[in-house]
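So the structure is just underneath, and the comments pick up after that.
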Amino acid sequence: MKRIWLIVLKNILSVPYWYLKLMYYAADSSRISEEKKLILFKEIVSRANRGGNVTVLSRGVENVPKSGSFMYFPNHQGLYDVLALLDGSPRFFSVVMKKELEHLPFLNLIFRIMGAHSIDREDVRQSMKVILKVSQEVKEGKNFLIFPEGTRSKKPNAVGSFKGGSFKSATKARCPIVPVCIRDAWKVFDTGSTAPVTVEVNYLKPLYYEEYKDMKTTEIAEEVEKRIQEVLNRS
């Protein structure tokens with residue numbers, strides 16, 4: 001929370017402007033191009049990073065498909081994860097988020113502009129509807145991010161168990177799966193410190209449909225988890 005207040009205080013004069021601009025974009029986001037949305041998000045995240053003493057190092061950006069739809073599958077460390085990807089991602093994407101985040105101030109506008117979907121982890125039927133909806137939107141050209149752990153890892157820079165069901169949207173859409181390794185994002189909001197912090201985001205080589213078409217979703221989950229953990233294990 002301390003860093004959030006620091007970000008707000010250092011940007012106090014511009015916060016109303018950015019909030020109003022987010023409201024403007026959220027009011028009818030369908031008429032605004034993905035390129036403009038991504039530019040807006042990057043500007044906001046950049047200001048937040050400067051105000052909060054956060055540096056994001058994005059590596060492997062060249063691995064993100066330059067055309068066609070795809071899905072990001074990162075490890076999950078906390079609230080800052082999506083902002084870290086918005087900082088470095090060369091392409092616009094939406095997210096599947098837990099329903100508890102739907103009404104968080106500021107973030108709820110970002111999610112609305114993204115066209116995000118909320119998922120109730122306790123409701124299997126609702127979760128399946130979201131998976132099918134995301135799959136259809138990916139087929140239609142939209143990019144998505146899903147956290148396959150389902151919740152943030154309890155151990156810093158350790159990966160929790162990836163759920164096979166998280167990959168059903170990708171397999172149904174037959175799209176590239178881009179593993180993303182996030183390191184030290186938990187330090188931004190979960191330590192109570194405002195000291196400078198560097199977050200690493202590693203975009204790993206995608207798994208294409210031809211590579212995973214004969215794999216079960218549980219096997220895909222294990223493979224993506226393994227690739228991310230290997231990067232985290234590097235000093």
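The first residue in the sequence is number 1, and the count goes up from there.
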Sequence neighbours excluded and cut-off under 3.5 Å, please list the side-chain donor-acceptor pairs for residues 189-199, or say none.
unit_1, atom_1, unit_2, atom_2, d
D190, OD1, R152, NH1, 3.4
D190, OD2, R152, NH1, 3.1
T191, OG1, K187, O, 3.0
T191, OG1, S193, N, 3.3
S193, OG, A195, N, 3.0

Can you give me the closest heavy-atom contact between [X] and [Y], atom names plus distance?
{"X": "A26", "Y": "L109", "answer": "CB-CD2, 4.0 Å"}
{"X": "P176", "Y": "P206", "answer": "CB-CB, 4.3 Å"}
{"X": "I177", "Y": "P179", "answer": "O-CD, 3.3 Å"}
{"X": "V82", "Y": "M114", "answer": "CG1-CE, 4.2 Å"}
{"X": "E149", "Y": "G160", "answer": "OE2-N, 2.6 Å"}
{"X": "P74", "Y": "I182", "answer": "CB-CD1, 3.9 Å"}

K142 versus V134: any side-chain heavy-atom pair under 4.5 Å?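 Side chain of K142 against side chain of V134, heavy atoms only: no contact under 4.5 Å found.
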Taking the side chain as C-beta and beyond, is there a heavy-atom pair between V56 and V201 under 4.5 Å? yes
Let me confirm one number: the [atom1]-[atom2] distance from [X] to [Y], rounded to the nearest 0.5 Å.
{"X": "E43", "Y": "W18", "atom1": "CD", "atom2": "CH2", "value": "4.0 Å"}
{"X": "L207", "Y": "F70", "atom1": "CG", "atom2": "CZ", "value": "14.0 Å"}
{"X": "E225", "Y": "I220", "atom1": "CD", "atom2": "CD1", "value": "13.5 Å"}
{"X": "R112", "Y": "S29", "atom1": "CZ", "atom2": "OG", "value": "9.0 Å"}
{"X": "I119", "Y": "I146", "atom1": "CD1", "atom2": "CD1", "value": "7.0 Å"}
{"X": "I113", "Y": "L22", "atom1": "CD1", "atom2": "CG", "value": "4.5 Å"}

Using side-chain contact (heavy atoms from CB on, under 4.5 Å), reason through V95 and F93 one step at a time and then give a plain yes or no. CA-CA 7 Å; V95 300; F93 62 91; 3.9 Å; yes
Does [X] reach the main-chain N or O of [Y] with its side chain, forming a donor-acceptor pair under 3.5 Å?
{"X": "S69", "Y": "V138", "result": "yes"}
{"X": "K42", "Y": "L86", "result": "yes"}
{"X": "R59", "Y": "E200", "result": "no"}
{"X": "S94", "Y": "G115", "result": "yes"}
{"X": "S127", "Y": "D123", "result": "yes"}

Indicate if [X] and [Y] have the same hydrophobic cluster label, given that clusters are the connected sets of ILVMFWY residues with side-chain heavy-atom separations under 4.5 angstrom.
{"X": "L107", "Y": "V54", "answer": "yes"}
{"X": "V15", "Y": "V45", "answer": "no"}
{"X": "I39", "Y": "Y24", "answer": "no"}
{"X": "L204", "Y": "Y208", "answer": "no"}
{"X": "Y212", "Y": "M71", "answer": "yes"}

Please collect all side-chain hydrogen bond (donor to acceptor under 3.5 Å, both in side chains) contacts where either partner lies in residues 166-179, sequence neighbours excluded, each pair once.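 Counting only pairs at least two positions apart or across chains, the side-chain hydrogen bond (donor to acceptor under 3.5 Å, both in side chains) contacts touching residues 166-179 are R174-Y209.
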Side chains of Y80 and D184: is there a donor and an acceptor less than 3.5 Å apart?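 On atom types as modelled, these side chains do not qualify, holding no pair under 3.5 Å.
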When H76 is tested against each of W186, F162, F147 for ring-ring contact (aromatic ring centres under 6.0 Å, His included), which residue passes? F147
Taking side chain to side chain donor-acceptor pair (under 3.5 Å) as the criterion, tell me which of K98, Q126, K99 meets it with D120. K99
Pick one: which of Q77, R183, Q229 meets side chain to side chain donor-acceptor pair (under 3.5 Å) with N157? Q77
Answer yes or no: is there an ion pair linking K226 with E223, defined by an N-O contact shorter than 4.0 Å?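 Salt bridge present between K226 and E223.
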Basic-acidic side-chain contact under 4.0 Å: K133, E137: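 Result for this pair is yes, salt bridge flagged.
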Angle class for the Y203/Y72 ring planes (parallel below 30°, perpendicular above 60°, tilted otherwise)?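 Tilted: the ring planes of Y203 and Y72 meet at 30° to 60°.
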Could you go through the side-chain contact (heavy atoms from CB on, under 4.5 Å) check for N202 and R227 one step at a time? CA-CA 11 Å; N202 293 273; R227 293 188 184 191; over 6 Å; no
F106 vs I44, test: side-chain contact (heavy atoms from CB on, under 4.5 Å). Steps then yes/no. CA-CA 11 Å; F106 212 82; I44 292 174; 4.1 Å; yes
Within a 6.0 Å radius of atom CZ on R125, are there more than 12 heavy atoms belonging to other residues, nucleotides or ligands?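 It does not: R125 CZ has 12 such atoms or fewer within range.
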